[in-house]
Undergrad: 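Pasting in a structure now, in structure tokens, and then I'll have a few things to ask.
Because only heavy atoms are used, hydrogens play no part in the values below, and waters and symmetry mates are left out as well, while side chains stay in. The sequence lines fix the lettering, A, B, ..., with proteins before strands; numbering per chain opens at 1.
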There are 2 protein chains.
Amino acid sequence: MHYRYNKSDYLDQESLRSRVFNHILEDILNGKYEEGQALVETKLAQEIGVSRTPVREAFRQLELDGLVTSIPNKGVVVNGISDKDIEEIFAVRSLIEGLAVRWATENINEEQRRDLEETAELMVYYTKKKDYQQLAKYDARFHSLIYDSCQSKVLRHILRSLMRYIQHARLGSLKVPKRAEQALKEHREILEAILAGKKDIAEQKMVHHVNSALENLLKEKNKTN
Amino acid sequence: MHYRYNKSDYLDQESLRSRVFNHILEDILNGKYEEGQALVETKLAQEIGVSRTPVREAFRQLELDGLVTSIPNKGVVVNGISDKDIEEIFAVRSLIEGLAVRWATENINEEQRRDLEETAELMVYYTKKKDYQQLAKYDARFHSLIYDSCQSKVLRHILRSLMRYIQHARLGSLKVPKRAEQALKEHREILEAILAGKKDIAEQKMVHHVNSALENLLKEKNKTN
DNA sequence: GATTGTATAATTGTATACAATACAAATGCA
DNA sequence: TGCATTTGTATTGTATACAATTATACAATC
């Protein structure tokens with residue numbers, strides 16, 4: 001009875017820690033910080049409006065994820081993500097996601113099949129509409145559904161970590177109409193292989209799909225430079 | 001002048017946080033905790049002899065690494081590692097380490113070549129002596145040198161995380177004389193491929209090597225059960 | 001002028017205090 | 001009894017206080 005609740009207390013269930021984590025993550029990925037820049041606990045705490053404790057906890061997570069480096073008694077510095085890193089992540093991702101779709105083909109259930117088909121249809125729709133915002137959303141969903149369908153805690157975990165790094169890079173990738181249409185075809189092929197239970201084909205198509213995405217990304221990058 | 005130093009202050013540079021992290025990690029890997037067991041901050045803090053703060057920071061790292069799950073306002077529970085997890089990790093590891101040795105073949109320098117050859121020779125020596133303690137050490141070193149030689153921050157990072165999970169599983173693996181000798185041969189082949197610059201062979205041999213290690217592990221496990 | 005020493009400030013590391021939450025036991029009441 | 005309410009306790013979440021460490025500024029020395 002001494003408590004007063006308001007809706008936001010329930011809606012944003014996330015702790016300060018994860019809010020801080022995401023905040024700093026965003027800033028790093030959006031290039032707000034230079035590579036090697038020192039992050040000062042008190043300043044960040046003030047900026048976000050919390051105490052040092054959640055900031056420190058977020059630091060520890062970012063550290064384990066390789067986004068910052070912690071130097072004892074000195075502080076943490078931002079690691080930055082080079083083009084080489086992106087290429088390496090895609091190389092790893094193609095292997096892991098290939099494995100994921102292979103296992104998904106073996107383990108997917110009825111509900112996940114439907115979800116995957118529905119998502120694929122929505123992607124056709126938004127590609128036609130050229131709504132790249134929504135398209136990106138369902139593209140992420142398509143891949144995410146495959147991670148879930150493979151029923152592997154290990155793969156899900158690794159892929160989640162990899163995706164954190166490249167989420168911003170992927171966003172722009174589909175904005176090229178030609179790439180969006182190509183991706184659509186690749187998704188279709190992957191989906192068909194999954195539904196037909198052809199795991200070798202599914203894996204092979206996925207590896208190819210991820211590699212094309214990287215190629216497209218690099219091409220776009222060179223254009224804008 | 002008000003300070004009193006002793007050697008250990010310098011030697012163990014590691015913070016309480018990382019001490020706590022390793023402490024809990026060990027306990028999880030050694031099976032001290034049941035799967036799903038709740039870890040209580042104050043109890044652990046008391047047990048290790050520190051305050052809650054470093055314990056919490058260690059929790060956050062273990063959480064990101066997937067070793068514990070954090071439930072808001074309730075606490076963290078141990079995730080445990082199933083046989084299925086181990087198999088999946090080895091499947092991933094064979095792919096990633098295959099990629100690592102491929103890149104290592106392309107990027108290795110003279111010093112790393114010598115280190116790798118020396119390590120291989122020491123492994124021959126300790127296999128003959130049946131000193132499995134030392135053998136395990138140099139086996140780890142052999143793989144670790146390859147991670148370094150591939151010059152990829154991304155791969156090093158992923159492999160470090162994977163190895164954390166299976167370090168205890170690997171330890172027993174080489175204790176079977178037959179496996180130790182087989183591993184020796186496989187290492188030799190990998191090394192030769194690296195030195196000859198044959199990256200396809202190196203990758204293929206590494207994938208095979210990691211898969212054999214898993215097979216051996218599973219065989220041993222079934223025997224003891 | 002460059003270097004060293006020293007005081008001071010800024011920052012991190014750790015411990016503790018307090019608030020919020022979850023859950024269980026106790027209580028009250030029909 | 002059955003059930004809602006409250007009270008109590010353990011635990012986590014957050015903030016803050018204090019200690020240890022490192023960086024900075026500046027004077028002293030050569």
Undergrad: Quick one: sort the His187(B) and His143(B) rings into parallel, tilted or perpendicular, breaks at 30° and 60°.
TA: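 His187(B) and His143(B): perpendicular rings.
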Undergrad: Under a 4.5 Å cut-off applied to non-hydrogen side-chain atoms, are Lys129(B) and Tyr125(B) in contact?
TA: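 Touching, per the 4.5 Å side-chain cut-off.
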Undergrad: What nucleotide, of dT12(C), dA15(D), dG13(D), holds the atom closest to the side chain of Leu16(A)?
TA: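 Among dT12(C), dA15(D), dG13(D), the one nearest the side chain of Leu16(A) is dA15(D).
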Undergrad: Are the side chains of Glu41(A) and Ser51(A) in contact, using a 4.5 Å heavy-atom criterion?
TA: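 Ser51(A) vs Glu41(A): side chains apart.
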Undergrad: Scan side-chain atoms only and decide if Ser161(B) and Asp65(B) contain a donor-acceptor pair under the 3.5 Å cut-off.
TA: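 Checked: Ser161(B)/Asp65(B) side chains pair up, N/O donor to acceptor below 3.5 Å.
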Undergrad: Taking only the side-chain nitrogens and oxygens of Ser51(B), find out if one of them lies under 4.0 Å from OP1 or OP2 of dA15(C).
TA: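 For dA15(C), OP1/OP2 do have a side-chain N/O of Ser51(B) under 4.0 Å.
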Undergrad: May I have the distance from Ile71(A) (atom CD1) to dT21(D) (atom P), rounded to whole angstrom?
TA: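 So the two atoms are 17 Å apart, to the nearest Å.
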Undergrad: Check the side chains of Glu97(A) and Tyr147(A) for a donor-acceptor pair under 3.5 angstrom, ignoring hydrogens and angles.
TA: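 The answer is yes; a qualifying pair exists.
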Undergrad: For Glu41(A) and dT16(D), what is the distance between atoms CD and P respectively, to the nearest whole Å?
TA: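 Rounded to whole Å, this separation is 15 Å.
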Undergrad: Output the rounded distance in Å from CG (Leu44(A)) to C1' (dT14(D)).
TA: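 Atom-to-atom, Leu44(A) to dT14(D), this comes out as 17 Å.
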Undergrad: Could you check how far CD of Gln37(A) sits from P of dT11(C), rounded to whole Å?
TA: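 My rounded result for the distance is 13 Å.
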Undergrad: Roughly how many Å is it from CD1 in Ile48(B) to C1' in dA15(C), rounded to a whole number?
TA: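 To the nearest whole Å, that distance equals 15 Å.
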Undergrad: Which of the following nucleotides, dT11(D), dG13(C), dA15(C), is nearest to the side chain of Arg56(A)?
TA: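 Among dT11(D), dG13(C), dA15(C), the one nearest the side chain of Arg56(A) is dG13(C).
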Undergrad: What is the nucleic acid contact for Arg52(B), judged by heavy atoms within less than 4.0 Å: base, sugar-phosphate only, or nothing?
TA: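 If one applies the 4.0 Å heavy-atom cut-off, Arg52(B) turns out to touch a base.
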Undergrad: Taking only the side-chain heavy atoms of Asn73(A) (C-beta and beyond), determine which of dA15(D), dT14(C), dT22(D) contains the nearest atom.
TA: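 Of all the options, the side chain of Asn73(A) is nearest to dT22(D).
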Undergrad: Could you tell me how far apart Gln46(B) (CD) and dT12(D) (P) are, to the nearest whole angstrom?
TA: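 In whole Å, dT12(D) P and Gln46(B) CD are 13 Å from each other.
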Undergrad: Given dG13(D), dA15(D), dA15(C), identify the nucleotide with an atom nearest to the side chain of Val50(A).
TA: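 For the Val50(A) side chain, the nearest candidate turns out to be dA15(D).
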Undergrad: Rounded to the nearest Å, what distance is computed from the CZ atom of residue Arg17(A) to the C1' atom of nucleotide dT14(D)?
TA: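 After rounding, the reported distance stands at 11 Å.
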Undergrad: Between atom CD in Glu57(A) and atom P in dG13(D), what is the gap in whole Å?
TA: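 After rounding, the gap between these two atoms is 8 Å.
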Undergrad: Among the nucleotides dC18(C), dT22(D), dA15(D), which one has an atom lying closest to any side-chain atom of Lys74(A)?
TA: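 It is dT22(D).
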